[in-house]
Novice: 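Once you've had a glance at the structure underneath, I'll fire off some questions.
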Amino acid sequence: MPELPEVETIVRGLRTVLPGHTIVSVRLGKTDFIEDPAALAELLPGRRIERVERLGKFIQLQLSAGSGAKHADGQMNLVIHLGMTGWLGVRRPEDPVAPHTHAFFELEDGRELRYTDIRRFGQIRLVHGGNMAAFSERLGKEPLEISASEFHARLAGRRARIKALLLDQSIFRGIGNIYADESLWQARIHPARLAARLNSADLARLRKAIRRILQHAIEDRGSSISNFVDAEGQPGEYQQRHRAYGREGKPCFRCGSKIRRGSVAGRSSYFCPRCQPAPRRARAMRNAPKPRG
DNA sequence: ATGTAGACTTGTAGAT
DNA sequence: TTACTACAAGTCTACA
């Protein structure tokens, strides 16, 4: 489910219902995706949720320092990554429990914050208040906030394919496969172009495309491919505005050519072969994976 | 520095 | 109908 717009949608939903409430207990199912399961039950009860923030694709629940000896470690953060199929939301205890729900954080008012994740590619971890800045610094810039000069500087001279760099969370935080392809289509840049070979007009178009697409996707509450729903359980709408992603063989909205699919940076990549001309040089584009065996 | 394949895991769609 | 394959919003590691 979750790239920047989907995570932002979840965060906005949680922000209306979580701050001010206190975690009273924790129940866990499968824990292989949790950094330190025992620490959750030990350190979370008694802490109040102060804020809900998004750091790229991570969700940060900022918790109070709590009280008593076991909370002498000060302010704490519950940091959650949704992986491919994660979901986080608040339900009443009597509400049906979705399959693959692996964490329940019970609140003082009886409700519970639930984490559901079919594939368990997600992540749950605790980060001490004092370590949060270092955690955030390992991530790149927010694409909705980055200046033109910084955007250019981060890509200048890089010989990697532009799509690989857009997906690199240490360069920009929050962009994933869908929004990389949508942004490159909007900016008319082939995903396999080398960043170093893009001129400033290309880069300016790309930055604006990313901003515009992410903003629109947030307004539409994300893209519901397969199983994404927001914190209230409602699907997003942005998948109806996709111009490239998932549209192999369908006509380009600009020129009518058939959208193609290839593999770039190890991910399926959708692009218009006419609007997004392939780089001349090398074997920049591999064919889509073929059946093996 | 960069690219690729494979790994983690479960479900679903599609071809046979 | 059943069995099988490819693929999926993400990221990490090993190896070239």
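The structure displayed is predicted, hence computed values, not measured ones. We use all heavy atoms of the structure for the numbers below, so side chains are in, but hydrogens, waters and symmetry mates are not. Residue numbering restarts at 1 for every chain, and letters A, B, ... go by the order of the sequence lines.
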Novice: Measuring to OP1 and OP2 of dG11(B), would you say a side-chain N or O of His100(A) lies under 4.0 angstrom away?
Specialist: yes
Novice: If you compare every side-chain N and O of Arg267(A) against the phosphate oxygens of dT11(C) (OP1, OP2), does one of them come in below 4.0 Å?
Specialist: no
Novice: At under 4.0 Å, does any side-chain N or O of Arg161(A) touch on OP1 or OP2 of dT2(B)?
Specialist: no
Novice: dA8(C), dT11(C), dC8(B): which one has an atom nearest the side-chain heavy atoms of Lys57(A)?
Specialist: dT11(C)
Novice: Return no unless some side-chain N or O of Thr85(A) is found under 4.0 Å from OP1 or OP2 of dG10(C).
Specialist: no
Novice: Taking atom P in both dA6(C) and dA5(B), compute the distance separating them and give it to the nearest angstrom.
Specialist: 14 Å
Novice: Salt bridge check: are Asp109(A) and Arg111(A) linked by an N-O gap of less than 4.0 Å?
Specialist: yes
Novice: Within the structure shown, what part of the strands sits under 4.0 Å from Gln169(A) by heavy-atom distance: base, sugar-phosphate, or nothing?
Specialist: sugar-phosphate
Novice: Between dA7(B) and dT5(C), how far apart are the two P atoms, rounded to whole Å?
Specialist: 15 Å
Novice: Are Arg54(A) and Glu142(A) close enough for a salt bridge, meaning some N to O gap below 4.0 Å?
Specialist: yes
Novice: Partner lookup for dT9(B), please. Criteria are Watson-Crick or G-U wobble with both distances under 3.5 angstrom; report none if nothing qualifies.
Specialist: none
Novice: When you compare dG10(C) with dA1(B), how far apart are their C1' atoms, in angstrom units rounded to a whole number?
Specialist: 22 Å
Novice: Students often get this wrong, so: under 4.0 angstrom with heavy atoms, is Gly176(A) touching a base, only sugar-phosphate, or nothing?
Specialist: sugar-phosphate
Novice: Identify whether the distance between the nearest side-chain nitrogen and carboxylate oxygen of Arg241(A) and Glu219(A) falls below 4.0 Å.
Specialist: no
Novice: Check whether any side-chain nitrogen or oxygen of Lys30(A) sits under 4.0 Å from OP1 or OP2 of dT9(B), and answer yes or no.
Specialist: no
Novice: Can you work out whether Tyr270(A) or Leu167(A) has the more 5'-proximal nearest nucleotide on DNA chain C?
Specialist: Tyr270(A)
Novice: What I want to find out is whether Asp95(A) reaches Arg114(A) closely enough, with some N-O distance under 4.0 Å, to be called a salt bridge.
Specialist: no
Novice: Tell whether Arg158(A) reaches the base of dA1(B) with its side chain through a donor-acceptor pair below 3.5 angstrom.
Specialist: no
Novice: Parallel, tilted or perpendicular: which one describes the rings of Tyr238(A) and Tyr179(A), with boundaries at 30° and 60°?
Specialist: tilted
Novice: Whether Arg120(A) contacts dT10(B) is assessed here as follows: a side-chain N or O lying under 4.0 Å from the phosphate OP1 or OP2. Is that the case?
Specialist: yes
